[in-house]
Amino acid sequence: SDICSLPFLAKICKKIKFSIQTSMPFKDVDSDKYSVFPTLRGYHWRGRDCNDSDKNVYPGRRPDNWDAHQDSNCNGIWGIDPKDGIPYEKKFCEGSQPRGIILLGDSAGAHFHIPPEWLIASQMSVNSFSNLPTALTDEFDWPQLSGATGFLDSTSGFEEKSIYLHLRKRNRCNHRDYQNISRNGGSSQNLKKFIESLSRNQQLDHPAIVIYAMIGNDVCNGRADPVPEMTTPEQLYSNVMQTLKHLDSHLPEGSHVVLHGLPNGTFLWENLHDRYHPLGQLNKDVTYAQVFSFLSCLKINPCHGWMSSNKTLRTLTSERAQQLSDTLKKIAASEKFTNFDLFYMDFAFEEIIEEWWRRGGQPWQLIEPVDGFHPNEVASLLLADLFWKKVQLQWPQVLGKENPFNSQIEQVFGDQGGH
Amino acid sequence: HSSSHHCVGCVMVMSVITQLTQVHNSTVEASMERLCSYLPGKLLLKTTCYLLVHIFGSDIIKLLDADMNADMVCHALEFCKQDAGQPQCHLYPLPKEIWNLRQKKSRHIVKKSVTMKYLKGD
C-alpha cells in the first residue's frame, strides 16, 4: 500500500517528503531556497531562480556590483548601458528602495482551491482534470493565483491584481521578489514548523513587507467540541511574539510587518447552508449544510466552529476570533522591533462583500464552491486590492515610492524574463 | 483522519460515477471507464484509476446496480467505517430503516467478493 516502500522510489519519496514537511522547494540544486521548478514549493510559491547553480543568485538580494555582468537578483535588469557606461541596475534601481513581499499564511493565503469541474458530471470532459497533476504537487493550493503573491493573470478575468503585482507595477525593480510561506492548516501554533523556509539574508537582501495572515486555524478545527482546541489570546500573544522575534533576526533593516486580523466566519453558514453543493446540483440532493454535517461527523470539518448549524457555536467562534484580532492589534500597538515597523489590519470581509454587491455580485460567489470555506480567487483579489488601498492611505512608506524609471526598464528589458 | 479522508474521497468519486451514469445514460462500468479516460497520464493518475477499477470495479457495479447510493457503496467497501459508539456518517439523507435494509443487502453482495476477502486478509 505504501508505494514509497518500493526501493527504486525510496530516494525520490524521501526528497518529496522533505519538501512537504519543510515547505522548501523540492528542486533546488544550489540550495538557496529558490527553484526553477514550478510546483513542489517551486516558483509557484516564491520568485523563480534565474541561476540554480549559483546560491548567491536569487530574487530579492541587493545587486552584486550593480549586476554589471550578471543578474544576481533575478529581476531581469542587468548589464551596462553602452551610452554612458553606467550599469542599468544602478541607473534604474539605485535609491528606488526595492522590497519584497512575504506572506506567512494558511490555506487561504496559499489559495486552496478544488476546481468544481472535477465534481460536476454534466460538464466533465477530457480537459476537466488537466490541472490535477499541478494541483496535487502544489498541495491543492494555487499560490501563483493568490491575492498576496499571485503572478499569473486571474482565471476569473478580474482586473484586480495581487499585492505582489501591485508592488512590481510600482517599482519594476521588485520583479520576482515574492515568497508565499503558507501551509494548509497553518496557524500561530504551527508556524514555527515552517517559518524556516522563509528566505531573507539580513545583510545581503532588500527589505521586505511581511504579511502575517493566519486567518482561521487558531479558531478552526474538526473536533466535536472545537472550543477547547481554539488558541487563547494568551497563547496567541506568545506565539506571535516568537514569530516576530524570529523575523527581527532575519529581516533586513527597513522592513515592515502587517498583522492581519481574523474574519467573522458566521458569514459562511448564513450564505451557504441552504445552497446546493456542486455534488448536489444535478439531482438537487446535497446542500452545504449536509456537506458540513458529513465532514463534522467524520471529524474532518475544516472549521466546525463556523461550518455548523449550531448558532451558539458559530457565535462563540466569532467571539474568540475577535479576541484574537484584538490581541494582534495590541501587539502592533505596543511592541517595538529593530529591523521592522509593525502594523495591524482588520480582515474586512464585510467591506469586500459591499464592494461585490456594488458590482452586482452575491456574497456566496466569494467562497470556494467545493469546500464552502475558503475565500475564492475573486475574494482574494478584492482583499488584495483593499489591502493595497488601505496601506497606501495609512502607511505609504510601507510600499515605497513609484519608480520614475519603470517605463525605461520596460523599454530596455521588456517583461524582465517573466516569472 | 486519513480514514476520514478516504471516506470523503470515496463518496465524492462514487457520486461522480453515479452522476456520469445518469448524465450519459450508460452503465456503471462505462462510467468508470469514462472517468479514468478523463484523467491525465501524469503521476500515474490514469493507471491508478484503472487499477482501482480492476480491484473494486465488479463490487461497485453490483452495489450501484442494486440501487445503493454513494454512502452505502463506501460503507460496504469499508472506505467509510462507523467507529464504536460513533454515529454513522453519510452525505445523502436516507431514512434509517431504509438505510439498515439496504446495508444488510450490500453486506450480502460483498460477502462473496474476492477483493474484500483479500483486503480483510493480512
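Within every chain, numbering begins at 1; the chains are lettered A, B, ... in the order of the sequence lines, protein sequences first and strands thereafter.
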Take atom [atom1] in [X]; do more than 12 heavy atoms of anything else shown fall under 6.0 Å from it?
| X | atom1 | value |
| --- | --- | --- |
| A:Lys27 | NZ | no |
| B:Asn100 | CG | yes |
| B:Asn25 | CG | no |
| B:His108 | NE2 | no |
| B:Lys105 | NZ | no |
| A:Ile12 | CD1 | no |
| A:Lys193 | NZ | no |

Query raised in the report: What parts of residues 105-117 of chain A touch chain B if we use heavy atoms and a cut-off under 4.5 Å?
Result: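 Checking residues 105-117 of chain A against chain B gives no residue, so none.
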Requested in this report: Enumerate by number any residue of residues 276-286 of chain A whose heavy atoms lie under 4.5 Å from heavy atoms of chain B; in the absence of such residues, state 'none'.
Outcome: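 Those residues of residues 276-286 of chain A which have a heavy atom under 4.5 Å from chain B are A:Leu279, A:Leu282, A:Asn283, A:Asp285, A:Val286.
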Any side-chain heavy-atom pair from [X] and [Y] closer than 4.5 angstrom?
| X | Y | answer |
| --- | --- | --- |
| B:Pro93 | A:Gln290 | yes |
| A:Val126 | B:Ser37 | no |
| B:Gln86 | A:Lys299 | yes |

Query raised in the report: Based on non-hydrogen pairs under 4.5 Å, which of A:Ser125, A:Ser130, A:Ser122, A:Ser296 is most in contact with chain B?
Result: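 It is A:Ser125.
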Query - CA sep, side-chain torsions, deciding dist, call: B:Val16, A:Met124, side chain to side chain contact (heavy atoms under 4.5 Å, CB included) - result: CA-CA 10 Å; B:Val16 169; A:Met124 211 167 269; 3.5 Å; yes
Tell me, side chain or backbone of [X] under 4.5 Å from chain A's heavy atoms, or both, or neither?
| X | result |
| --- | --- |
| B:Leu91 | both |
| B:Leu20 | both |
| B:Gln22 | side chain |
| B:Ile17 | neither |

Report task. Could you check B:Cys89 against A:Phe294 for side chain to side chain contact (heavy atoms under 4.5 Å, CB included), going step by step and ending with a plain yes or no? Result -> CA-CA 6 Å; B:Cys89 301; A:Phe294 181 47; 4.1 Å; yes
Query raised in the report: Between atom CZ of A:Phe129 and atom NZ of B:Lys42, what is the distance when rounded to the nearest 0.5 Å?
Result: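 Interatomic distance, A:Phe129 CZ to B:Lys42 NZ, rounded to 0.5 Å: 16.0 Å.
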Query raised in the report: For A:Ile120, is it the side chain, the backbone, both or neither that has a heavy atom under 4.5 Å from a heavy atom of chain B?
Result: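 When you check distances to chain B, no heavy atom of A:Ile120 falls under 4.5 Å.
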Query raised in the report: Taking B:Ser4 for the side chain and A:Leu298 for the main chain, is one N or O donor matched with an acceptor at less than 3.5 Å?
Result: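 Here the side-chain-to-backbone pair exists.
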Query raised in the report: How far apart are the C-alpha atoms of A:Leu132 and B:Leu43, what are their side-chain angles, what is the distance that settles it, and do they pass the side chain to side chain contact (heavy atoms under 4.5 Å, CB included) test?
Result: CA-CA 9 Å; A:Leu132 181 54; B:Leu43 301 184; over 6 Å; no
Report task. For A:Glu229, check salt bridge (Lys or Arg N to Asp or Glu O under 4.0 Å) against everything at least two apart and list the hits. Result ->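 Applying salt bridge (Lys or Arg N to Asp or Glu O under 4.0 Å) to A:Glu229 gives A:Arg223.
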Report task. Output all residues satisfying ring pair (Phe, Tyr, Trp, His ring centres under 6.0 Å) with B:Trp99, sequence neighbours left out; order by chain, then residue number. Result ->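 Result, ring pair (Phe, Tyr, Trp, His ring centres under 6.0 Å) vs B:Trp99: B:His75, B:His90.
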